[in-house]
Enquirer: 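Sharing a structure here in structure tokens format.
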2 protein chains.
Amino acid sequence: MRSAERRATLADVAARAGVSKSLVSLVMRDEPGAGVATRRRILEAADELGYHPDSRARLLRSGRSRLLGVVFGIQHDFHGDLVTDLYTAARETGYEVALSAVTPGRDEREATAGLLQDRCEALILLGPQEPTASLARLATRLPVVVLARSVRDPAVDVVRTADAEGLRQAVDHLVRLGHRAIVHIDGGRAPGAAERRRGYRDAMRSHGLDGYARIIPGGLTEEEGAAAARVLLDDVPTAVTVFNDRCATGVLDVLARHGRAVPGDVSVVGYDDSRLARLAHVDLTTVAQDAVTMTRLAVGRAIDRIEGAAVARREVVVPPRLVVRGTTAPPLH
Amino acid sequence: MRSAERRATLADVAARAGVSKSLVSLVMRDEPGAGVATRRRILEAADELGYHPDSRARLLRSGRSRLLGVVFGIQHDFHGDLVTDLYTAARETGYEVALSAVTPGRDEREATAGLLQDRCEALILLGPQEPTASLARLATRLPVVVLARSVRDPAVDVVRTADAEGLRQAVDHLVRLGHRAIVHIDGGRAPGAAERRRGYRDAMRSHGLDGYARIIPGGLTEEEGAAAARVLLDDVPTAVTVFNDRCATGVLDVLARHGRAVPGDVSVVGYDDSRLARLAHVDLTTVAQDAVTMTRLAVGRAIDRIEGAAVARREVVVPPRLVVRGTTAPPLH
DNA sequence: TTGAAAGCGCTAACAT
DNA sequence: ATGTTAGCGCTTTCAA
């Protein structure tokens, strides 16, 4: 039942209203420069024909797409949270979000290429794994804002959480509860992992707990969290800080299966405050990244670059905030 | 440090390679009709200039977008799996996937509207919640393929799993192991829930276990699974079939926390065979939806409709397959 | 206030 | 195998 007729074009409207295309163009864009009567006649004609401007042609001619390309990992819950907030942040800006997913069968290069082809005017990359050099090269072509990862290159903008500070807050919280044997399950080479490790080490040292500091190789998946937890079972600490919530989920699961009560026997702190952590039955104490602020900053920064506004700092660091929930408690002695 | 130079166009590549625009156009689209050497030279020139075709101009000229719009829920792991396979399925077809996410702040209507504005030629909707009437109306404007939900309307194509059959397989498996007290935690009003309930009831009946049949209200989130599991704790069956893997995860979690061993005390079967189920530490027995086949069919169907090919059946039902993993075992007596 | 004409970057039909 | 030409639907000079 699809209507077979061609869509109306600007020329059709012009013909029907008995004016030139330019006039119609003006009126459709609400620009001044057309007589009141003419304007009315044109709007009428457009309405009668059910005319809607073709945005592609419009963009082609004006040389702009008003598109913000977003590359995200479809497997990452926290990226889902960020995407959610990016849509919101872009809503009133006059720019639109174009999504491109990284999947097990589609790497970042491919995801990025698609967006480039759509002539996005800037790219927002969520925790990209590509080497700095690639990102820098990309940034020679269009503004690039990296979210939730640190990149030391003058060409790319960065909006990230003060990750070291986040781990410090986690450790402080645990120490305040009375913990000393606090382990960190890290994120390996994942974005942010190095800084979180550093934050953990510094915090332990500043509490005079160097002797207890212990880092277990983890990762960013449940899988890797579970494996790390199994290592832990031989020599259980009273508290664990984990690279992210997803990984912490794996840790919690293994602990539960081996009869270790959380937080009774072991306290656990995650990172991200992703959807996972907020689930009532998980109720994970975690370091919240301020997704709303970060995405707003990222969108704002991207647009500033597009429009050539002066930008003060390449890197914006957003403070994290510890969210205390049910997986932390004083150690039993 | 962004190079101030204009973005490379097809004409630039042509100039650099010393050939005409048409030749470049051919080569970029991988069409036959260019010599091997020329082709190489053109590709080189394109690479050196960092050339990417402008999809808007392409669309404008050819009157087509070759875009397949995909609407998915960013919170649903299984949708993530489907999106992954959709990219793969579309890879060699000459069509591209355009993603639009449903988030807590962005409903299906909005997600769909974005895709329409992008002039997608067909829509693939993953488990849409919109009423049939809305979907039917949409289908008057362009081909619509609904994935993983049943829709009884002659205007929309459907590719889905034989959900009743899936639950039958789950129950059969459990009965074969010796279970009788088998409970179903359902999906409420979620897509597929009604049919899975029916499959469960029929299977129980066919085994003469009507007396044991019991359905607990669940849902499609971990949250709802956890709540349902808590209800179960008062009167624990020996086995549970759950609406989907995500919900089953909540069930497993609550059982573990209350000291119920899986599969020792209770066997659990999920649905979807999503990433969650395959995690080594979860190792969930589940009913696999054949995502690869379903996505291939959905893409094929969408393209058939676009290109006006004859389509035999509106609805394609793909058989499910029980994947036995570690959460099911004979009951202890 | 209005219109004519020249493209934006590309593809397609038609040469050669 | 390669080049020429004419637009797609719109915006944007520039003239009238």
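Letters go in sequence order (proteins before strands), and every chain restarts at 1.
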Enquirer: Please report, rounded to the nearest Å, how far the P atom of dT11(C) is from the CE atom of M28(B).
Expert: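 These atoms are roughly 9 Å apart.
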Enquirer: Roughly, in whole Å, what's the span from CG in D118(A) to P in dG9(C)?
Expert: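 These atoms are roughly 16 Å apart.
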Enquirer: Who are the ring pair (Phe, Tyr, Trp, His ring centres under 6.0 Å) partners of H76(B), not counting sequence neighbours?
Expert: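 Testing H76(B) for ring pair (Phe, Tyr, Trp, His ring centres under 6.0 Å), a comparison that skips the adjacent residues, returns H79(B).
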Enquirer: Could you work out, with side chain to side chain donor-acceptor pair (under 3.5 Å) as the rule, every residue matching E96(A), not counting sequence neighbours?
Expert: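 By the side chain to side chain donor-acceptor pair (under 3.5 Å) rule, E96(A) matches no residue at all.
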Enquirer: Once hydrogens and angles are ignored, does a donor-acceptor distance under 3.5 Å link the base of dG9(D) to the side chain of R58(A)?
Expert: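 Such a pair does not exist between side chain and base.
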Enquirer: Classify the side-chain pair Q289(B)/T161(B) by whether it contains a donor and acceptor separated by less than 3.5 Å.
Expert: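 Their side chains do contain a donor-acceptor pair, which is all the 3.5 Å distance test asks for.
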Enquirer: Any pair with a residue in residues 67-87 of chain A that passes salt bridge (Lys or Arg N to Asp or Glu O under 4.0 Å), sequence neighbours left out, goes on the list, sorted by first then second residue, please.
Expert: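 Listed by first then second residue: D77(A)-R275(A), D81(A)-R278(A).
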Enquirer: NA contact type, R56(B), heavy-atom cut-off 4.0 Å: base, sugar-phosphate, or nothing?
Expert: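 The answer is nothing, as R56(B) stays clear of every strand by at least 4.0 Å.
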Enquirer: Could you check how far CG of L59(B) sits from P of dA12(C), rounded to whole Å?
Expert: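 Those two atoms, CG and P, are 12 Å apart.
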Enquirer: For the pair made of CG in L60(A) and P in dC10(D), what is the distance, rounded to whole Å?
Expert: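 About 12 Å, once rounded to whole Å.
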Enquirer: Does the side chain of R106(B) pick up a donor-acceptor pair with the side chain of S100(B) at under 3.5 Å?
Expert: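 Checked: R106(B)/S100(B) side chains pair up, N/O donor to acceptor below 3.5 Å.
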Enquirer: What are the residues of residues 40-50 of chain A, sorted by number, that bring a heavy atom to within less than 4.0 Å of DNA chain D?
Expert: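 Hits under 4.0 Å, by residue number: none.
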Enquirer: With Y95(B), which residues qualify under side chain to side chain donor-acceptor pair (under 3.5 Å), at least two apart?
Expert: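 Listed in chain order: R64(B), E307(B).
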Enquirer: Taking side chain to side chain donor-acceptor pair (under 3.5 Å) as the definition, give me every residue that meets it alongside T295(A), ordered by chain and number, with sequence neighbours left out.
Expert: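 Checked T295(A) against side chain to side chain donor-acceptor pair (under 3.5 Å); zero matches.
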Enquirer: Side chain to side chain donor-acceptor pair (under 3.5 Å) with R58(B): which residues, sequence neighbours excluded?
Expert: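 R58(B) satisfies side chain to side chain donor-acceptor pair (under 3.5 Å) with no residue once adjacent residues are dropped.
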Enquirer: Run the side-chain donor-acceptor check on residues 32-42 of chain A: report pairs under 3.5 Å with partners two or more places apart or on a different chain.
Expert:
from   : atom 1 : to     : atom 2 : distance (Å)
R39(A) : NH2    : E31(A) : O      : 2.9
R41(A) : NE     : A17(A) : O      : 3.2
R41(A) : NH2    : A17(A) : O      : 3.1

Enquirer: Could you give all pairs that pass the side-chain hydrogen bond (donor to acceptor under 3.5 Å, both in side chains) test and reach residues 142-154 of chain B, with sequence neighbours left out?
Expert: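 Qualifying pairs: none.
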Enquirer: Which whole-number value in Å describes the distance from D54(A) CG to dG9(D) P?
Expert: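 Result: 8 Å.
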Enquirer: Note down the inter-axis angle between the two ends of the helix from dT1(C)-dA16(D) to dT16(C)-dA1(D), five pairs each, to the nearest 10°.
Expert: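 The end-segment axes of the helix from dT1(C)-dA16(D) to dT16(C)-dA1(D) are tilted 40° relative to each other.
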Enquirer: Less than 3.5 Å apart, which donor and acceptor atoms pair up between the side chains of residues 123-138 of chain B and the rest of the protein, not counting sequence neighbours?
Expert:
from    : atom 1 : to      : atom 2 : distance (Å)
E130(B) : OE1    : S134(B) : OG     : 3.4

Enquirer: Could you pull out the protein-nucleic contacts involving nucleotides 1-3 of chain D (nitrogen or oxygen on both sides, under 3.5 Å)?
Expert:
from   : atom 1 : to     : atom 2 : distance (Å)
dT2(D) : OP1    : T38(B) : OG1    : 2.9
dT2(D) : OP2    : G35(B) : N      : 2.7
dT2(D) : OP2    : T38(B) : OG1    : 2.8
dG3(D) : OP2    : S20(B) : N      : 2.7
dG3(D) : OP2    : S20(B) : OG     : 3.3

Enquirer: CZ of R61(B) versus C1' of dG7(C): gap in Å, rounded?
Expert: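 In whole Å, dG7(C) C1' lies 15 Å from R61(B) CZ.
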Enquirer: Measure from CZ on R64(B) to C1' on dG9(D) and round the result to the nearest Å.
Expert: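 After rounding, the reported distance stands at 18 Å.
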Enquirer: Provide, to the nearest angstrom, the distance between the CZ atom belonging to R29(B) and the P atom belonging to dG9(C).
Expert: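 Result: 17 Å.
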